[in-house]
Q: 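The following block contains the structure, expressed as structure tokens.
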Amino acid sequence: MKALEGVRVLDMTHVQSGPSCTQLLAWLGADVVKLEAPTGDVTRRQLRDVPDVDSLYFTMLNCNKRSITLNMKSERGRELFTELVKSADVLVENFGPGAVDRMGFTWDRLSELNPRLVYASIKGFGPGRYAGYKAYEVIAQAMGGSMSTTGFEDGPPLATGAQIGDSGTGVHAVAGILAALYQRTRTGRGQRVQVAMQHAVLNLCRVKLRDQQRLAHGPLREYPNRTFGDEVPRSGNASGGGQPGWAVRCAPGGPNDYVYVIVQPVGWRALAGIIGRPELADDPEWATPEARLSKLDKLFQLIEEWSMHQDKWAVLDRLNAEDIPCGPILSARELMEDESLREEGVVVSVEHPERGSFMTVGSPLRLSASPVEVTASPLLGEHNQEIYAALGVTPGELAELKTNGVI
């Protein structure tokens, strides 16, 4: 028994923000039916590494789903969609603003067809001045507060490698959908769930809004920046939190030979001894967190003078032996090859009928009574027959629908 077993999700999403949401629902046990145009989700063809085979972009975002095709511009297509809506618990879409309305399926119409329906929409922006703008991952990062605070003080704003605009919004949408399903158990009615990419990124950047307000009372001492204006600055690898941290270099000096080290008050004496400067533990210029805040750059330089002579795994082991928080910078290759992550099922190998074996991320959500087995993404229209047959479509009509471009 899976947590969402018996929940039918009609997945009208494409690219990343929507599919990341519906894949999590599928991993939680929902029956996710991906509804695609007869040409398929555009990411089936984007960034292909194997000719004429669904791309990794698509396969890694659409595991554990079923696929049907439908031309919503045809009258028969809209009739079939109506029947699909009636049997769905959740409908998720991430088309441009108003696209589903223009198909003839406003929220009022969908609610009339199925009062229990939870209708989730993912958009780039809310209903204000940006409503009609197109949004992509890095645009959401730019307009949600992430880029202005990412990078080094004297450099340009930078995007983060984490897909906080797309997949980050998808996770927010999952939370809204699950809340709506729970509320439905008490009210018997569905509701509209709306999540904007800009809003989700802003939520993930809330500590920067915290610091923007703190600036009114003076410089941010936890930041290594020498000067402050009237906006939260970019501060490199500093966390800006209560415990200072930085990425220090390790041997042999490759692009990812770094360890991120956090200096806590409780670990200062041990750390001073490890780096060969035990006298700093009692030196008034270094002994307290307040004393160290004014020279964070020098603090991490001292740590780096020690760390750069050994590899990051040796640094990790040595610091963890003294309960000093740290973490090596792990590349995508290192993560894929990490035996611990494979054993935990966080990185998994999946068999695809056309691609063969590929690596992907397993479910990050672990429920003791709802285990997840990651299965391959569906081929385009793979489940047309079984799903449309349940709506009363005969094999003969199914063939006719295909010939006429309805599916």
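Counting from 1, the numbers follow the sequence of the chain as shown. Quick note: numbers below take in every heavy atom, side chains included, and nothing from hydrogens, waters or symmetry partners.
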Q: With salt bridge (Lys or Arg N to Asp or Glu O under 4.0 Å) as the test, pick out the partner of R355 among D54, D49, D52.
A: D49
Q: I'd like to know if the side chain of R249 reaches the main chain of E304, judged simply by a donor and an acceptor atom lying under 3.5 Å from each other, with no hydrogens or angles considered.
A: no
Q: What pair of heavy atoms forms the shortest contact from W27 to V361, and how long is it?
A: CH2-O, 3.3 Å
Q: With sequence neighbours excluded, what pairs up with A135 under the side-chain contact (heavy atoms from CB on, under 4.5 Å) test?
A: F125, M197
Q: Report the C-alpha separation of W306 and L271 in whole Å, then their side-chain angles, then the decisive distance to 0.1 Å, and conclude whether the side chain to side chain contact (heavy atoms under 4.5 Å, CB included) test is met.
A: CA-CA 11 Å; W306 163 76; L271 181 58; 5.7 Å; no
Q: Is atom CZ of R45 surrounded by more than 12 heavy atoms (other residues, nucleotides or ligands) closer than 6.0 Å?
A: yes
Q: Quick one, L215 with D211, criterion side chain to side chain contact (heavy atoms under 4.5 Å, CB included). Give me CA distance, side-chain angles, the key distance, then yes/no.
A: CA-CA 6 Å; L215 269 175; D211 292 344; over 6 Å; no
Q: Quick one: does Q194's side chain get under 4.5 Å of K123's, heavy atoms only?
A: no
Q: With the side chain counted from C-beta on, respond yes when V15 and V42 share a heavy-atom pair under 4.5 Å apart, and no when they do not.
A: yes
Q: Using side-chain contact (heavy atoms from CB on, under 4.5 Å) as the criterion, list what pairs up with S377, not counting sequence neighbours.
A: F58, T59, N62, H352
Q: When you look at E397 and R76, which way does the salt bridge (charged side-chain N to carboxylate O under 4.0 Å, His left out) test go after all the steps?
A: CA-CA 11 Å; E397 185 185 0; R76 182 58 175 145; 2.8 Å; yes
Q: Identify, with sequence neighbours excluded, every residue that meets ring pair (Phe, Tyr, Trp, His ring centres under 6.0 Å) alongside F81.
A: F105
Q: Under the criterion salt bridge (charged side-chain N to carboxylate O under 4.0 Å, His left out), I'd like the reasoning laid out for E305 against R277: C-alpha separation, chi angles, the key distance, then a yes or no.
A: CA-CA 11 Å; E305 288 173 358; R277 298 296 300 273; 5.3 Å; no
Q: For D41 and T43, which I'm curious about, is there any donor-acceptor pair between the side chains at under 3.5 Å?
A: yes
Q: Side-chain contact test, heavy atoms from C-beta onward, threshold under 4.5 Å: evaluate it for T227 versus E153 and give yes or no.
A: yes
Q: May I ask you to say whether K65 pairs ionically with E36, meaning some side-chain N is under 4.0 Å from a carboxylate O?
A: no
Q: Starting at CG of L61, measure out to CG of L24 and round the result to the nearest 0.5 Å.
A: 10.0 Å
Q: How about S146 and I164: do any of their side-chain heavy atoms sit closer than 4.5 Å?
A: yes
Q: Under a 3.5 Å threshold, yes or no: a donor from one side chain and an acceptor from the other, between Y258 and N237?
A: no
Q: Taking atom types as modelled and ignoring hydrogens, do the side chains of S357 and S349 form a donor-acceptor contact shorter than 3.5 angstrom?
A: yes
Q: For the CD atom on Q385, are there more than 12 heavy atoms of other groups (residues, nucleotides or ligands in this structure) within a distance under 6.0 Å?
A: no
Q: Taking side-chain contact (heavy atoms from CB on, under 4.5 Å) as the test, write out the residues that go with R333, two or more places apart.
A: S331, E337
Q: For the atom pair CG (L330) and CG (D338), what is the distance rounded to the nearest 0.5 Å?
A: 7.0 Å
Q: Begin from the C-alpha positions of E75 and R78 and carry the test salt bridge (charged side-chain N to carboxylate O under 4.0 Å, His left out) through to its verdict.
A: CA-CA 5 Å; E75 182 178 350; R78 289 190 292 273; 5.7 Å; no
Q: Which pair of heavy atoms, one from P328 and one from W313, lies closest together, and at what distance?
A: CG-CZ3, 4.0 Å
Q: Count the heavy atoms of every other residue, nucleotide or ligand shown that sit under 6.0 Å from CD of E231, and state whether that count exceeds 12.
A: no
Q: Are the side chains of R366 and V346 in contact, using a 4.5 Å heavy-atom criterion?
A: yes
Q: With salt bridge (charged side-chain N to carboxylate O under 4.0 Å, His left out) as the test, would you mind laying out the steps for E222 and R214 before giving the verdict?
A: CA-CA 11 Å; E222 296 79 12; R214 292 174 62 227; 2.9 Å; yes
Q: Output the distance between atom CG (L110) and atom CG (L117), rounded to the nearest 0.5 Å.
A: 6.0 Å
Q: Report the distance from atom OG1 of T13 to atom CG of L35, rounding to the nearest 0.5 Å.
A: 10.0 Å
Q: Quick one: ring pair (Phe, Tyr, Trp, His ring centres under 6.0 Å) partners of H14, sequence neighbours excluded?
A: F95
Q: Roughly how far apart are L56 CG and M359 CE, rounded to 0.5 Å?
A: 11.5 Å
Q: Please say whether more than 12 non-hydrogen atoms of neighbouring residues, nucleotides or ligands are located less than 6.0 Å from NZ in K73.
A: no
Q: Is it the case that more than 12 heavy atoms not belonging to R186 sit under 6.0 Å from its CZ atom?
A: yes
Q: Walk me through it: do L158 and F152 pass the test side chain to side chain contact (heavy atoms under 4.5 Å, CB included)?
A: CA-CA 9 Å; L158 296 176; F152 285 86; 5.6 Å; no
Q: Just wondering, do I387 and L84 contact through their side chains at under 4.5 Å, heavy atoms?
A: yes
Q: Looking at R221, I want to see if its CZ is surrounded by more than 12 non-hydrogen atoms of other residues, nucleotides or ligands under 6.0 Å.
A: no
Q: Around E354, counting heavy atoms of other residues, nucleotides and ligands shown, do more than 12 lie under 6.0 Å from its CD?
A: yes
Q: Can you see whether S87 engages E83 through a side-chain donor-acceptor pair at a distance of less than 3.5 angstrom?
A: no
Q: Answer yes or no: is there a donor N or O on one side and an acceptor on the other, between the side chain of K34 and the main chain of T22, under 3.5 Å?
A: no
Q: For the pair M103 and E93, evaluate side chain to side chain contact (heavy atoms under 4.5 Å, CB included) and give the outcome as yes or no after the intermediate values.
A: CA-CA 13 Å; M103 295 175 192; E93 59 89 12; over 6 Å; no
Q: Is any side-chain heavy atom of C250 closer than 4.5 Å to a side-chain heavy atom of D311?
A: no
Q: Output the distance between atom CD (E322) and atom CZ (R318), rounded to the nearest 0.5 Å.
A: 5.5 Å
Q: Of all the heavy-atom pairs spanning T69 and A37, show the shortest one and how long it is.
A: CG2-O, 3.9 Å
Q: Would you say V7 and L181 make side-chain contact, with heavy atoms under 4.5 Å?
A: yes
Q: If you take all heavy atoms of S370 and A3, which pair is closest and at what distance?
A: OG-N, 2.8 Å
Q: Establish, for the pair K298 and W286, whether the NZ or CZ atom is under 6.0 angstrom from the six-membered ring centre and no further than 45 degrees off its axis.
A: no
Q: Sequence neighbours excluded, which residues qualify as side-chain contact (heavy atoms from CB on, under 4.5 Å) partners of P115?
A: R189
Q: So with a 6.0 Å cut-off around CZ of F358, is the heavy-atom count from everything else above 12?
A: yes
Q: Under 4.0 Å between a side-chain nitrogen and a carboxylate oxygen: does that hold for R8 and D89?
A: no
Q: Evaluate E137 against Q16 for side-chain hydrogen bond (donor to acceptor under 3.5 Å, both in side chains), listing each step before the verdict.
A: CA-CA 9 Å; E137 167 65 45; Q16 184 180 165; 4.9 Å; no
Q: At their closest point, which heavy atom of L80 faces which heavy atom of V406, and how far apart are they?
A: CD1-CG1, 4.5 Å
